[in-house]
Q: 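Let me begin by handing over the structure; questions about it come next.
Every number for a ligand or one of its atoms is a count from 1 in the order of the listing.
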Amino acid sequence: MVTAEQSEGQPGMQLTRRRFLAGASALAAIPLLGGLWPRSALAQAISQALPQFTALRQAQKGILTGAHWGAFEAIVNGDKMVGVQPIADDPAPNELIEMAPHQVHAPNRIKYPMVRKSWLEGGVANGRPELRGRDEWVRISWDKAFSLVAEQISRLQKEHGPQSIYAGSYGWKSVGMFHNARTLLQRLMNLTGGFVNYSGDYSTGAAQVIMPHVVGSVEVYEQQTAWPNVIDNSQLVVMWGCNPMITLKNSWNLPDHVGLSGFEALKKKGTRMISIDPVHTDSARTLGAEWIHLRPYTDSAMIIGIAHTLLVEKLHNPDFLKTYTVGFEKFEQYVMGKEDGVVKDAAWAADICGMDAQTIKTLARDMAKNRTMIMGGWGIQRQHHGEQPHWLLVTLAAMLGQIGLPGGGFGFSYHYSSGGSPTARGGILGGISAGSPTTEAGRKIAPFPVARITDCLANPGKTIDFNGSKVTYPDIKMVYVAGGNTFHQQQDTNSLVKAWQKPEVIVVNEPYWTATAKYADIVLPATTTYERNDLDMGGDYSQLYVFPMHQCVPPQHEAKSDFDIFAGIAAKLGLHDAFTEGKDEMLWLKSMYDDMKTQARNGRVALPPFDMFWSSNNYIRFPIPEENKQWVRFADFRENPLLNPLGTPSGKIEIYSDTIAKMGYEDCKAIPTWMEPHEWYRGPEAEKYPLSLNTGHPINRLHSQLDNTPLREKYAVADREAIWIHPQDAKARGISDGDLVRAFNDRGQILVGAVVTENVRSGVVRISEGAWFDPADPAQIGSLCKNGNVNCLTFDIGSSSLAQGNCGHMTQLEIEKYTGPVLKNTAHAVPEGA
Ligand code: PGD
């Protein structure tokens, strides 16, 4: 059982946090709790309330700071970071924190502001955009850099308006509520008039659009039934397409790592766990979960097969369906083949999924017999028709009738940022605001779905469907990226390289020479978290800690924080005071803290003054109300659906959506359905490309972050990204463990290193996302990527007309043993002359 001490901890998206806390006002009746603060007149009370606080002070050697992979103390010698140690009460410290010194002192840091030579010389008219990624670089002063960028913004706002500047800048940046690269960029752009933004995200593009139609909330970023409740009550936990023991190592904000201890507790208790995945994941192996493997991209069919068994064996819950859902009868007709004559029974599903029907039937019976928690991952929705699996999982959970009961139902964020880590009661830090556009034109611009970036750059003026509306792409002339790695995140990298030649100017703020930086015109060196001061919350869902992130070392080389970079550009535009509001870094941190302090006081939690907090080099841990440890998602809806309706048009779970029906989309119908995907093992492309790709998140990295650290030694094979190949598939192609392999399809080719393993089912290969793009010949679009960037192979279409999410987890390919010339991996090299 997760104890009070263990069950600490909070998502990434501000939207989520606000949503949940609004929903959590039911907690208002908790008793008055004492203030929690470091060394002060109340030290005695503190050491009683926070034993771990004392432990931290005793053990403390270094400077408190943190990253997506954990809060830690940095050990510094002079101007060098030389080591780290985890904070004392992290229930599952993550070894990735050990990379912090390497992040600071990485050989491929961008040292100075740089400009691409042809752009500098030829200007916008003759900048030779086709040379992006292979041109020479010229070092310039910060003053010159600020002027160059400011001139472009000013020119474009005047000549083409805010719709010509794309500053969506999607990305995982670094932790810290103040130095939020993307928000700071957008704050500047709003002050200049406005800019084009994106909607959605790469993580949950499909699910976050379909779920509001189904249950009235995005679900993927909502608080989950609390871990202690799951541990106490769930009898069967089904991990459907997720790998929590890996993905929970990192969080959007500083992680509390409570989810990891939650899964460990389930294992210890002996709770039955099943992993449904084409890959025998690390989670399944370490937790001792049963492995049900299906063909990739066939999850929807399997869920429908389960639904059929439940129906014919009368294992479903008609009362729940009647009271809490609408449209089940239409789904039932579909499953029973009333209209199309195709009965979608276990045998039908098993044939599609490449498994035996008995497995599906047994699973259906086990789910109905036990208190079952279905934990759905997100990879299954980063696919063509990616809206369907989540809609179907909700439908399945509704048929089981356990939604809103302790330990039952479904949860789509247990594998992310410790969803289910009980919410503490304290203050919440707000960050710096992006503000809003200062011009009418800026206010009118509609965002486009984030993963349509290549399509947008390549096809200005094109109109696409999106969630019942139409979006017309603007004509983008400037792209500004700060805190993201477009050349990693976007599917079909080679199409991106082509479309990337369209804008007149591309600016990137980055600490490192990533491919996105190498393909820019102006590159501005950004500091890492460890070179600046910040504040963050610890625990995305739990909001458990307020954490000081102290500057550990001076800015490296000529790097500046994004705040200082944008303040410098703002000064050239006459907007310095509007941008900074007259405050420097520390004044901003103080005002953020003071706002939180006021808010906490309203919630009857007292906080120490900022100066005391900051100088203590300690963090504050908020108390968790007892009732939050047993919080059950949808319990209020279940208790009284009339008083607590869902945010759907009917107020109920919509298994049939009239709203979606009215959109009339062929690729997302009014009930959840199975549709053949764009590419799969039975499609025409499978003749040439028989292997199905699984591209999960990496074990020893966060997306592309840390690919340039010694961690590579743990996962790179022959100095390339690894590819997992089933022994049968390897043997058929004469490939042995450790071989260099060329993986390819019509879109691209990459060099990867073979790991021959039974941890993937035959017909499937796994390549993690995040390897930095490194084309063998940058002059040839489509040349071999020497580092193994999987997105060279994936295709770039929207999940459907509804959500337009990305399809990064779906593609057919072929592999062969690489016998070509020796190719040096230069993904992490500094461009010549830089
Ligand atoms: P990161 O590697 O986190 O990936 O894509 P995302 O672009 O978020 O890149 C963040 C970049 O920000 C890094 O280059 C880092 O150095 C930089 N950075 C960090 N801190 C700072 C800072 O303070 N200032 C500045 N200026 N820069 C900073 C991730 C995206 O990829 C996501 S979220 C998902 S879920 C998708 N996943 C997949 C997938 O599973 N499979 C495929 N095929 N494709 C995917 N793409 C998506």
Side-chain angles (χ1 to χ4, degrees), residues 12-13 67-69 103 106 108-110 168-176 178-185 200-205 207 220 241 243 247 250 252 377-383 416 450-451 453 480-493 496 507-518 520 523-532 534 549 555 559-566 693-698 701-709 721 750 766-773 789-796 805-811:
M13 317 295 157
H68 291 296
W69 28 98
Q103 287 182 276
N108 66 343
R109 286 292 299 262
I110 300 169
S169 190
Y170 177 87
W172 264 66
K173 57 176 186 69
S174 292
V175 295
F178 173 61
H179 289 287
N180 180 334
R182 174 172 174 259
T183 307
L184 290 164
L185 164 65
D201 61 37
Y202 282 86
S203 301
T204 63
V220 286
N243 191 7
T247 50
N250 307 313
W252 180 255
W378 297 347
I380 53 175
Q381 54 86 61
R382 274 182 227 122
Q383 297 182 1
Y416 171 73
V450 66
I453 171 77
Y480 203 133
V481 180
N485 191 354
T486 319
F487 275 70
H488 140 61
Q489 67 198 212
Q490 175 63 13
Q491 288 57 57
D492 193 353
T493 313
L496 175 69
V507 188
V508 173
N509 292 10
E510 245 297 335
Y512 310 106
W513 280 107
T514 60
T516 307
K518 287 175 183 171
V523 173
L524 305 179
T527 51
T528 65
T529 305
Y530 319 119
E531 296 149 56
R532 57 201 189 206
D534 215 329
M549 295 167 56
K560 285 184 188 291
S561 72
D562 294 285
F563 178 75
D564 286 342
I565 295 173
F566 294 124
L693 177 71
N694 176 290
T695 161
H697 287 179
R701 217 170 39 213
L702 170 70
H703 304 302
S704 71
Q705 297 195 43
L706 305 180
D707 195 41
N708 57 333
T709 67
E721 192 60 29
I750 61 176
R766 179 184 182 91
I767 308 170
S768 295
E769 51 112 33
W772 293 15
F773 177 57
N789 164 33
V790 74
N791 275 326
C792 290
L793 305 176
T794 53
F795 55 83
D796 177 28
N806 77 82
C807 300
H809 281 245
M810 176 177 271
T811 214

Q: Give me the nearest non-hydrogen protein atom to atom 23 (O) of ligand 1 as residue plus atom name, then the distance to 0.1 Å.
A: Arg532 NH2, 2.8 Å
Q: Which of the atoms in ligand 1, numbered in the order shown and given with their element, are less than 4.0 Å from a heavy-atom of Thr514?
A: 14 (O)
Q: What protein heavy atom sits nearest atom 20 (N) of ligand 1, and how far away is it?
A: Ser174 OG, 2.5 Å
Q: Ignoring angles and geometry beyond distance, decide whether Gln489 reaches within less than 3.5 Å of ligand 1 through its nitrogen or oxygen atoms.
A: yes
Q: Determine the interplanar angle of the Phe563 and His179 rings, folded into 0 to 90°, and report it as parallel if under 30°, tilted if 30 to 60°, perpendicular if over 60°.
A: perpendicular
Q: Could you list the atoms of ligand 1 found under 4.0 angstrom from a heavy atom of Arg382?
A: 35 (S), 40 (O)
Q: Counting heavy atoms only, name the option from Cys807, Cys792, Ser704 that's nearest to atom 2 (O) of ligand 1.
A: Ser704
Q: Could you tell me how the ring of Phe566 sits relative to the ring of Tyr480: parallel (under 30°), tilted (30 to 60°) or perpendicular (over 60°)?
A: tilted
Q: Glu531 vs Arg109, test: salt bridge (Lys or Arg N to Asp or Glu O under 4.0 Å). Steps then yes/no.
A: CA-CA 13 Å; Glu531 296 149 56; Arg109 286 292 299 262; 2.9 Å; yes
Q: Is there a donor-acceptor contact under 3.5 Å from the side chain of Asp534 to the main chain of Met549?
A: no
Q: Does any N or O of ligand 1 fall below 3.5 Å from an N or O anywhere on Ala482, backbone included?
A: no
Q: Atom 26 (N) of ligand 1: which of Thr811, Asp492, Asn509, Leu693 has the nearest heavy atom?
A: Asn509
Q: At what distance is the nearest protein heavy atom to atom 40 (O) of ligand 1, and which residue and atom is it?
A: His809 NE2, 2.8 Å
Q: Students should be able to answer this: which protein heavy-atom is nearest to atom 43 (N) of ligand 1, and at what distance?
A: Asn791 OD1, 2.8 Å
Q: Check whether any N or O atom of Thr486, backbone or side chain, sits under 3.5 Å from an N or O atom of ligand 1, and answer yes or no.
A: no
Q: Starting from atom 32 (C) of ligand 1, find the nearest protein heavy-atom neighbour and note its residue, name and distance.
A: His703 CE1, 3.5 Å
Q: Is there a heavy atom of Tyr170 sitting under 4.0 angstrom from any atom of ligand 1?
A: yes
Q: Distance under 4.0 Å to a non-hydrogen atom of Ser203: what atoms of ligand 1 satisfy this?
A: 33 (S), 35 (S)
Q: List the atom of Ser768, the atom of Glu721, and the distance in Å for their closest heavy-atom pair.
A: CB-OE2, 3.5 Å
Q: Is it the side chain, the backbone, both or neither of Trp378 that has a heavy atom closer than 4.0 Å to ligand 1?
A: neither
Q: Short list, please: which atoms of ligand 1 are under 4.0 Å from a heavy atom of Gln491?
A: 42 (C), 44 (N), 45 (C), 46 (N)
Q: Can you tell which part of Ala526 has a heavy atom less than 4.0 Å from ligand 1: side chain, backbone, both or neither?
A: side chain
Q: Ignoring hydrogens, what is the shortest heavy-atom contact between Asp796 and Gln490? Give both atom names and the distance.
A: OD1-NE2, 3.3 Å
Q: Looking only at protein heavy atoms, which one is nearest to atom 36 (C) of ligand 1, and what is the separation?
A: Tyr202 CB, 3.7 Å
Q: Who's the nearest protein heavy-atom neighbour of atom 8 (O) of ligand 1, and how far?
A: Trp172 N, 2.7 Å
Q: Just going by heavy-atom distances, which of Gln490, Glu510, Glu531, His697 is nearest to atom 17 (C) of ligand 1?
A: Glu510
Q: What part of Pro511, side chain from CB on, backbone N/CA/C/O, both or neither, has a heavy atom under 4.0 Å from ligand 1?
A: side chain
Q: Quick one, Asn485 and His703 - any side-chain contact, counting heavy atoms below 4.5 Å?
A: no
Q: Which ligand 1 atoms, with their elements, are less than 4.0 angstrom from a heavy-atom of Asp562?
A: 22 (C), 23 (O), 24 (N), 25 (C), 26 (N)
Q: I need the atoms of ligand 1 closer than 4.0 Å to a non-hydrogen atom of Gly483, numbered in the order shown.
A: 10 (C), 11 (C), 12 (O), 25 (C), 26 (N), 27 (N), 28 (C)
Q: Are the side chain of Thr493 and the backbone of Asn791 linked by a donor-acceptor contact shorter than 3.5 Å?
A: yes
Q: Please confirm whether the backbone N or O of Tyr416 pairs with a side-chain atom of Thr247, one donor and one acceptor, at under 3.5 Å?
A: no
Q: How would you list, by chain and number, every residue that makes a side-chain hydrogen bond (donor to acceptor under 3.5 Å, both in side chains) with Gln381, sequence neighbours excluded?
A: none
Q: Does either side chain, that of Tyr170 or that of Gln489, offer a donor lying less than 3.5 Å from an acceptor on the other one?
A: no
Q: Measure from the side-chain N and O atoms of Ser704 to the backbone N and O of His488, and report whether any donor-acceptor pair falls under 3.5 Å.
A: no
Q: Give the atoms of ligand 1, by number and element, whose distance to some non-hydrogen atom of Gly808 is under 4.0 Å.
A: 42 (C), 43 (N)
Q: Please answer whether the main-chain N or O of His809 pairs with a side-chain N or O of Thr695 as donor and acceptor at a distance below 3.5 Å.
A: no
Q: Note the single closest protein heavy atom to atom 4 (O) of ligand 1, along with its residue, its atom name and the distance in Å.
A: His488 CD2, 3.3 Å
Q: Mind checking what makes side-chain contact (heavy atoms from CB on, under 4.5 Å) contact with Ser174, not counting sequence neighbours?
A: Thr529, Arg532
Q: Considering the heavy atoms of Tyr512, write down every atom of ligand 1 situated less than 4.0 Å from one of them.
A: 16 (O)
Q: Looking only at non-hydrogen atoms, find the nearest pair between Ala517 and Val523 and report the distance.
A: O-CG2, 3.3 Å
